[in-house]
Amino acid sequence: MSKPKILVARSVFPETIARLETHFEVESNQDDQNWSKAQLIQKLQGKQGAFTTGSERIDAEVLAACPELKICANMAVGYNNFDVDAMTARGVLATNAPDVLTETTADFGFALLMATARRITESEHFLRAGKWEKWSYDMFAGSDIHGATLGIIGMGRIGQGIARRGAHGFGMKVIYHNRSRLDPQLEAECKASYASKEDLLKTADHVVLVVPYSPASHHTIGAAELALMKPTATLVNIARGGIVDDAALAQALRDRRIAAAGLDVFEGEPKVHPALLQVPNVVLTPHIASATIPTRRAMAELAADNLVGFLVHGKPVTPLNPVVLGGK
Ligand code: GLV
């Protein structure tokens with residue numbers, strides 16, 4: 001029997017490709033070319049599965065042009081590159097890569113918070129530029145993390161990981177806002193209490209965004225929300241570009257409406273709003289929150305598990321639209 005055909009849309013670990021090749025006829029993109037939508041459609045012809053990374057948009061147009069496609073497995077926990085409704089309508093399974101990146105991403109969220117509040121990159125740029133001539137009492141004075149109020153918007157697994165770090169490691173008071181409240185046991189474990197979005201923005205010393213992107217969460221933080229925050233507050237976005245109105249944020253940073261921001265994700269990335277590049281009080285990183293080799297391996301393995309699980313054994317591991325399984 002011939003092997004199912006799959007496309008690996010981006011460069012991944014050679015070991016992952018080797019494993020996939022034991023089950024599938026694999027076309028890969030190990031030289032990591034940037035494919036246009038038309039090229040992606042062309043590469044997907046005759047493929048039953050796609051290994052995607054969150055950069056490839058799978059929408060109604062792609063699905064209509066690729067009738068043999070049965071599964072798209074994202075090597076990412078976020079899946080706003082998928083039009084899941086369109087996939088479900090076409091009977092195409094969507095899978096993501098949750099859990100395996102939770103702690104690594106929470107570590108990074110905390111690192112970005114620390115770097116932002118304590119002005120680590122801004123002061124390093126100053127030093128590298130040869131501007132450090134003498135010590136002074138207020139040089140790069142930032143804001144405290146320990147004992148401060150941490151506001152988390154989006155209290156899924158990663159948000160909870162950041163809450164635990166803040167409450168247990170740094171004695172922070174943790175408040176959170178989420179679509180639904182956590183059950184009391186989980187709230188107690190995270191030492192976190194629920195707040196309205198408005199109260200959270202008004203009272204938090206540090207706001208961290210970990211909410212998934214959807215049309216409903218577009219510009220969760222815009223000019224109006226920034227205006228509610230304390231002028232001494234910091235904002236960290238490790239969620240998705242588009243959760244923050246980057247132009248409004250750049251303006252707020254320029255006006256010192258808030259003290260500082262740390263951003264790992266951007267509207268229209270890999271492009272970055274030019275105004276953000278002009279302000280000193282922002283730490284900018286290129287979407288690396290889950291980037292440790294063991295975690296990236298685990299994410300790749302989980303995406304592969306989903307392809308093998310579904311196309312070989314009929315059982316995916318982390319389906320997003322399991323309703324399609326009934327019909328296949
Ligand atoms: C990364 O942003 C992910 O969604 O896994």
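In listed order, ligands and their atoms are each counted from 1.
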Item checked: Which of the ligand 1 atoms, numbered from 1, are nearer than 4.0 Å to a heavy atom of His287 -> 1 (C), 2 (O)

Next item on the list: Give a yes/no verdict on a cation-pi contact between Arg297 and Phe13, requiring under 6.0 Å between NZ or CZ and the six-membered ring centre and an angle within 45° of the axis.
Entry: yes

Next item on the list: Around atom 5 (O) of ligand 1, find the nearest protein heavy atom and jot down its residue, atom name and distance.
Entry: Val77 N, 2.8 Å

Notebook entry, point to check: What are the atoms of ligand 1, with element, lying closer than 4.0 Å to any heavy atom of Leu101?
Noted result: 5 (O)

Item checked: For Val26, all residues meeting side chain to side chain contact (heavy atoms under 4.5 Å, CB included), sequence neighbours excluded -> Ile6, Val8, Leu20, Glu21, Phe24, Ser28

Next item on the list: Please indicate whether any nitrogen or oxygen in Met75 is less than 3.5 Å from any nitrogen or oxygen in ligand 1.
Entry: no

Next item on the list: Could you tell me whether Arg165 and Glu103 make a salt bridge, using a distance below 4.0 angstrom between a side-chain N and a carboxylate O?
Entry: yes

Checklist line | With Asn74, the side-chain hydrogen bond (donor to acceptor under 3.5 Å, both in side chains) member among Asn80, Asn81, Asn306, Thr53 | finding: Asn81

